[in-house]
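Scroll down for the structure; my scribbles are underneath it.
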Amino acid sequence: MVVFQAFLPNFSLTCYVQSIFNYICHINQQPQLMKHTINELEDIASQVRRDIVRMVHGCQSGHPGGSLGCADFMTALYFDVMNHTTDFKMDGIGEDIFFLSNGHISPVFYSALARSGYFEVSELATFRKLNSRLQGHPTTHEHLPGIRIASGSLGQGMSVAIGAAQAKKLNKDHSTVYVLLGDGELQEGQNWEAIMYAPFNKVDNLIATIDYNGQQIDGPTEKVLSLESLQAKFEAFGWHVITSNGNDMTDIVKALHYAKSLTGKGKPILNLMSTIMGNGVDFMMGSHKWHGIAPNDEQLAASLAQLPSTLKDY
Amino acid sequence: MVVFQAFLPNFSLTCYVQSIFNYICHINQQPQLMKHTINELEDIASQVRRDIVRMVHGCQSGHPGGSLGCADFMTALYFDVMNHTTDFKMDGIGEDIFFLSNGHISPVFYSALARSGYFEVSELATFRKLNSRLQGHPTTHEHLPGIRIASGSLGQGMSVAIGAAQAKKLNKDHSTVYVLLGDGELQEGQNWEAIMYAPFNKVDNLIATIDYNGQQIDGPTEKVLSLESLQAKFEAFGWHVITSNGNDMTDIVKALHYAKSLTGKGKPILNLMSTIMGNGVDFMMGSHKWHGIAPNDEQLAASLAQLPSTLKDY
Amino acid sequence: MKKYTYTEKKDTRSGFGAGLLEAGQKNPEVVALCADLVGSLKMDAFIKEFPERFFQIGIAEANMIGIAAGLTIGGKIPFTGTFANFSTGRVYDQIRQSVAYSNKNVKICASHAGLTLGEDGATHQILEDIGLMKMLPGMTVINTCDYNQTKAATIAIAEFEGPVYLRFGRPVIPVFTDPDQKFEIGKAWMVNEGTDVTIVATGHMVWKAIEAGEQLAELGIDAEIINIHTIKPLDEAAILKSVKKTGCVVTCEEHNKFGGLGESVARLLSTELPSPQEFVAVNDSFGESGTPDQLMTKYGLDTINIVEAVQKVMKRANK
Amino acid sequence: MKKYTYTEKKDTRSGFGAGLLEAGQKNPEVVALCADLVGSLKMDAFIKEFPERFFQIGIAEANMIGIAAGLTIGGKIPFTGTFANFSTGRVYDQIRQSVAYSNKNVKICASHAGLTLGEDGATHQILEDIGLMKMLPGMTVINTCDYNQTKAATIAIAEFEGPVYLRFGRPVIPVFTDPDQKFEIGKAWMVNEGTDVTIVATGHMVWKAIEAGEQLAELGIDAEIINIHTIKPLDEAAILKSVKKTGCVVTCEEHNKFGGLGESVARLLSTELPSPQEFVAVNDSFGESGTPDQLMTKYGLDTINIVEAVQKVMKRANK
Ligand SMILES: Cc1ncc(C[n+]2csc(CCOP(=O)(O)OP(=O)(O)O)c2C)c(N)n1
Ligand SMILES: Cc1ncc(C[n+]2csc(CCOP(=O)(O)OP(=O)(O)O)c2C)c(N)n1
Ligand SMILES: [Mg+2]
Ligand SMILES: [Mg+2]
């Protein structure tokens, strides 16, 4: 059992003190008290990226683009920001919990879970293979530790996260619920039902992050169906919006701590996180083309050459 | 066959001239060239209201509240604003067409259609009765002239109207598509898919009106799930928003002509129309209680006493 | 024919409302959600007693299913309430992924199912919901037959772990089952033992099957009547045992004949005991506006239709 | 056993793409819509030739169905394209009200149906779509068996007036039907005449049924193989005629055994000609990640499963 706690145990008073402290950290631009330095987190993220390309290569299917773009965020979340235990319990009572709504970027989720101790990293090799717990899209059906809901059909995770957050309130559990969504995913109407519901119902223990990479399957989001100003939209719906650079570890760590400091203030928090699809592998970067195809052997080698191995490959 | 044309035949050049003219009318605050005076339209609306309460009373079911609130709007649309013919053709090519998304207010739709000549007013007596073409919610299934889509399950009409508007564009048909939605209905996510799609795709031959009565079944919208500033939301999604008082005939006629003058300018138009649920019948006014119940005999008499008969009851 | 009587008529949805309140009193983890139809779903008593355990979602059924799934994660037992159409077809993919595939302990409770919704007409009268829900692996599908059974079922599903679809209706109908019954999920209820024909009925059709049984008795036909309140998992043993004895079956449901209980029975028999079967069900059409009784007559779901189906199926079985 | 051969393997979705292009060339009213899956649906050629007749909807399937319904009003013939799950369960109520009940001329075209979608896993592998669509009054439901048949069907449904669900798949499979065929909606295709057993197959299972027929022939069993490409309206006459001759039937579909083609056949036979039937179908479970072939084997949808089902059903029929 591995226990991660970003700061102190999360009780309400300490929590409050800590929030203020976080906020000060944020404005000082120097997140403190982390178990890992920024450099260490960057190293972990590099390993996560290696895992992603190797997993996708191993089964010749899956979604490297969005996964790579979110590697820094997932590393920050699982290795620094969330108060969580890898002794997995479905109810997650007393800990921060995370939902992946854009389930197609499962490789980054699986790597973050394995690397932070939820299950053996060797199991990453089974990704998308018959009888694996690491299904193409995350599922509870195969009882993989760390997964609390199935996703893959887009647009459902925000609602689930709200429900989990409201359960925490009923349980007087002051920990936080995180959810990650794709930007293209926001075209699904169910999100807007949830986006309308959360502020009105003061779901302020929820931090939603948008993987704002400007890409979806058929092309750049602004060509397929532009989201225009997401900030304006979320604000018009009553959210507290912060922005961040999801591929700058310092910034994303800072933003997530700041977001946490905003919980409990009556509003849900939206972290509009700019990322680059395929980040970390030069020839995959910035294009929707690598949304959902696997590298061949050569491309794998070229990818790995750009990504230092830090925690040993599985 | 009855032909209504608000102004001139709707060809592009005249249309353009007319738009400017409309706009001038609007800023002069004096809508001109109407076939009916405001007084005449108000009289028709009174008859429409009589029809509504009589229909709902006749079958002891249905939705008087929203219907009464939209009586002025539907009268303005069918007797003044729309260029349409009652010689019903499903494709509506060359004419303005209307969709009712909040299908539960079918009584006001049926009355407006019958009173403007689509079918015999006597048929209003069959509302919600077995084998009637006037189903509880509007349907094409029974081939009632004037109906182009079924509604009743909320949230679908905006998408349908967009499709019809895009078909008009493909057909080089410069007429306008109107759609009416409930305010509570906007809680349905499909609307937001449509609201995101229309501006990006320049569906600027579409005028959507919200029946902004602040009520839904379980109570005032602001208690059930507040919509907060709808204007801010629609604007954040890229619509041209105008506001109107849907229970002031002068204002709603003016607003609709103004809305029409805004078509063809690259943006869909949203008419945020304040109404009072139950408008015209004092004891039904302003409460969600009359969303969906029928008056008894006494209540019917009390209602009719407040509403002058102008075109003869069916 | 065993005698069934009733002293009052009640709507099954009120049985749900009463059961929900009691389930809520028994277990503090029970919570309720509604999509702007509190009165129709008879949730008022629950809301009054447990305001903080009620979630008003507004007109957003997809969000409701997702929130319910999320609530289970924190150990809650959510009961969602809206009309049957908006409980199933409107949110099929949400139920599929976030509830059924994720095996979440959500109770999807659906009122105004079938034709007996009445005047609102076809957009609201879903006749496909049993089929929709029975195709989902892991889903339990229940359609109760009167107030008491609905109340008992509501209490029972709160104690059962796993996703459940509970279907009930709008009109008042005879209350004829035991007020103190214990509801056993998946266990058919033998309404009447008989030898000539098996009548399998669910929901509002059970009382009509009893009426038909009485009329058939007068014609000298001894009908075995089985109430299949749980359509999934289907009590296959009970049906097979009965049809083995009678040799023929009539299925009765307020549903399209495609995809529902009738087809489940046909499948079962085709693989175990091919037998003549007749379907008392809607003949693949939408409903329409009218009173519940008018519609049940027009769409062939009346007592007389059961009687005629029995006569036809027995003839086919050479009886 | 009639000999079927093939020289190439292609995916049925490419047959759709080719058919869509040709339908678009034939009729200027044909338009296409897609929800961010243009490449998967093979719509590129159509879009290239008719950019102004293509509507990119983004990831908003409900809106896509509504827009398609609206487009029909102006006389267009819209073909919507997305994966089978998002074409049906995701938008069931929208199809129900705005398309089926409104009788709009929308062609709902669905790729990646069934287990053969492969590695994406259960959230994407719908096994209930045939059941979903067959329950809608007025809906025509088609599941084609190879590239050529899919192409022909796509062209045929453009000429047919009314809502259609067209189901096809992702993997490459043998192309064995006539490239110049005319597709007749609702008319079963007699793949092989035989006397011992009727095999009714749809979609990807047709080629497997042919393979099974060959293996059965070696065992001395003369199987009649019928391709039911149109599941609704079902060619009841063809099935009844065949089962009257053979006395038993095996249905084969890449679908849950609940609610699909198999149950439609069971219903038909139960009312007309009760006969032993076996189901080659997924046994009420979700799928999972794996290669198409692995999954077809694991979930019992292989040639061998058809052979075994035939042997079982013939034994049950005392043959
Ligand atoms: C309901 C639904 N519709 C369509 C899809 C197919 N799909 C998978 S990923 C994707 C694009 C998602 O875009 P975005 O959320 O921006 O993710 P990114 O491509 O940036 O990783 C689509 C359309 C799906 N999984 N679910
Ligand atoms: C999808 C769907 N969910 C629920 C309903 C039930 N319903 C009918 S009207 C209504 C309230 C609608 O509110 P609003 O749009 O504001 O209309 P108003 O009450 O003002 O007439 C509801 C929830 C429905 N018809 N469709
Ligand atoms: Mg993206
Ligand atoms: Mg309202």
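A distance of 7.0 Å separates SG of Cys59(B) from CD of Glu119(C), quoted to the nearest 0.5 Å. To the nearest 0.5 Å, the span separating OG1 on Thr139(B) from CD on Glu288(C) amounts to 10.5 Å. For the atom pair CZ (Phe286(C)) and CD (Glu142(B)), the distance works out to 11.0 Å, reported to the nearest 0.5 Å. For the atom pair Gln56(C) CD and Gln216(B) CD, the distance stands at 7.0 Å (nearest 0.5 Å).
Heavy atoms from other residues, nucleotides or ligands lying under 6.0 Å from NZ of Lys289(B) number 12 at most. A 6.0 Å sphere centred on CD of Glu298(B) holds no more than 12 heavy atoms belonging to other residues, nucleotides or ligands. The environment of CD in Glu49(C) is crowded: more than 12 heavy-atom neighbours from other residues, nucleotides or ligands sit within 6.0 Å. Shown here is Glu52(C), whose CD atom has more than 12 heavy atoms of other residues, nucleotides or ligands within 6.0 Å.
Taking the six-membered ring for Trp and thresholds of 30 and 60 degrees, His124(C) and His137(B) have nearly parallel ring planes, at less than 30 degrees apart.
Proximity to chain B is absent for every atom of Ala62(C), based on heavy atoms less than 4.5 angstrom apart. For His104(B), no part sits under 4.5 Å from any heavy atom of chain C, backbone or side chain. Ser106(B) does not touch chain C: none of its heavy atoms, backbone or side chain, sits under 4.5 Å away. At a 4.5 Å heavy-atom cutoff, the contact between Ser153(B) and chain C is made by backbone and side-chain atoms alike. Residue contact with chain B, scored on non-hydrogen atoms closer than 4.5 Å, is absent for Phe83(C). Neither the backbone nor the side chain of Gln60(B) comes within contact range of chain C, judged by heavy atoms closer than 4.5 Å.
Between Asp36(C) and the options Leu225(B), Thr221(B), Asp218(B), Leu154(B), a side chain to side chain contact (heavy atoms under 4.5 Å, CB included) holds for only Asp218(B).
For the pair Ser289(C) and Gly136(B), the tightest heavy-atom approach, listed with the atom from each and the gap, is OG-N, 2.7 Å. Here the shortest heavy-atom pairing between Gly152(B) and Thr123(C) reads CA-OG1, 4.0 Å. When all heavy atoms of Ile59(C) and Gln187(B) are compared, the closest pair comes out as N-OE1, 2.8 Å.
Proximity of Arg128(B) to Asp120(C): side-chain heavy atoms (C-beta onward) are separated by under 4.5 Å at one or more points. Side-chain contact between Ile217(B) and Leu37(C) is present, with heavy atoms from C-beta onward closer than 4.5 Å.
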